J.: 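Dumping the structure here so I can ask a few things about it.
This structure is a prediction, so every number in the text was calculated from the model and none was measured. Chain identifiers are assigned alphabetically (A, B, ...) following the order of the sequence lines, protein sequences preceding nucleic acid strands; residue numbering begins at 1 within each chain.
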Amino acid sequence: EAQVTQNPRYLITVTGKKLTVTCSQNMNHEYMSWYRQDPGLGLRQIYYSMNVEVTDKGDVPEGYKVSRKEKRNFPLILESPSPNQTSLYFCATRDALNEKLFFGSGTQLSVL
Amino acid sequence: RKEVEQDPGPFNVPEGATVAFNCTYSNSASQSFFWYRQDCRKEPKLLMSVYSSGNEDGRFTAQLNRASQYISLLIRDSKLSDSATYLCAKRGYSTLTFGKGTMLLVSP
């Protein structure tokens, strides 16, 4: 079954404690992306990756890092989380043929 | 002007009604547009792609008006299960830009 798997589903942490949200896909898609979703602001892109070892900033990259060492994984790293990074995060991959985005089930992050 | 704009709603309609949403966009270089459906706190899922000729899928019809720079989604014979937030999206070179979504509430 085609899947984008994000972990964890829920995470509560404290300011400054480094964390990683994992994202893995089994569809062999080259393109992967991270979004955050906030009330009144909609979905905003954080980072994206066109292929292995190629990453670029999206609209709201401040405070985040990503890596793409292999095609299937695209972790989102918060080196020093702050309360304004409390949000619902989605990882997504894109099918190059039909441009369809496949989203993971989301990670609700709360930074206290 | 924001790249993709939608009326947030909510649109409250009775079952069986026909409802239409519009989404305006800027930067007309975009070639591809999409409608996604999102249930509360769940991941968005592709509802329809929208191309120049428009397209129809059962009760759903999507249209693209390049001259006026908007796309539309028409839902006929609304069902309770259509209650959700509908996001329009515009494909750029390396990204998909989403509107903030329009909430639809279908009541019995």
J.: Do A/Ser105 and B/Glu43 get their side chains close enough for a donor-acceptor pair, meaning under 3.5 Å?
T.: no
J.: Applying side chain to side chain contact (heavy atoms under 4.5 Å, CB included), run through B/Phe98 and A/Leu101 and close with a yes or a no.
T.: CA-CA 12 Å; B/Phe98 287 88; A/Leu101 270 190; 4.0 Å; yes
J.: Of all the heavy-atom pairs spanning B/Thr95 and A/Tyr31, show the shortest one and how long it is.
T.: CA-OH, 3.7 Å
J.: Less than 4.5 Å to any heavy atom of chain A: does that hold for the side chain of B/Gln38, its backbone, both, or neither?
T.: side chain
J.: Kindly work out whether a path of hydrophobic side-chain contacts (I/L/V/M/F/W/Y, heavy atoms less than 4.5 Å apart) joins A/Leu109 to A/Leu112.
T.: no
J.: Say whether A/Phe102 and A/Trp34 are linked into one hydrophobic cluster, either directly or through other cluster members, by side-chain heavy-atom distances under 4.5 angstrom.
T.: no
J.: According to a hydrophobic-cluster definition based on side-chain heavy atoms being under 4.5 Å apart (Ile, Leu, Val, Met, Phe, Trp, Tyr only), do A/Val66 and A/Val60 belong together?
T.: yes
J.: Is it the side chain or the backbone of A/Arg94 that comes within 4.5 Å of chain B heavy atoms, both, or neither?
T.: side chain
J.: Taking atom NZ as the centre, does B/Lys45 end up with more than 12 heavy-atom neighbours from other residues, nucleotides or ligands that are less than 6.0 angstrom away?
T.: no
J.: Between B/Leu74 and B/Leu47, is there shared hydrophobic-cluster membership here, with clusters defined by ILVMFWY side-chain heavy atoms closer than 4.5 Å?
T.: no
J.: Could you please spell out the steps behind the side chain to side chain contact (heavy atoms under 4.5 Å, CB included) verdict for A/Glu99 and B/Phe34?
T.: CA-CA 10 Å; A/Glu99 301 184 302; B/Phe34 307 89; 3.8 Å; yes
J.: Between A/Gln6 and chain B, with a heavy-atom cut-off of 4.5 Å, which part of the residue counts as in contact: side chain, backbone, both or neither?
T.: neither
J.: For the residue pair A/Phe103 and B/Pro44, what are the closest heavy atoms and their distance?
T.: CD1-O, 3.3 Å
J.: Judged by atom type as modelled, is there a donor-acceptor pair below 3.5 Å linking the side chain of B/Lys100 to the main-chain atoms of A/Leu41?
T.: no
J.: Give a yes or no on whether B/Leu105 atom CG has more than 12 heavy-atom contacts from other residues, nucleotides or ligands under 6.0 Å away.
T.: yes
J.: A/Gly40, A/Gly106, A/Ala92: which one forms the most heavy-atom pairs within less than 4.5 Å of chain B?
T.: A/Gly40
J.: Nearest 0.5 angstrom please: B/Thr97 OG1 to A/Gln45 CD, how far?
T.: 7.5 Å
J.: Check the hydrophobic clustering (I, L, V, M, F, W, Y; side-chain heavy atoms under 4.5 Å; chains of links allowed) and say if B/Leu73 and B/Met103 are grouped together.
T.: no
J.: Given heavy-atom pairs under 4.5 angstrom as the criterion, report whether the side chain, backbone, both or neither of A/Tyr35 touches chain B.
T.: side chain
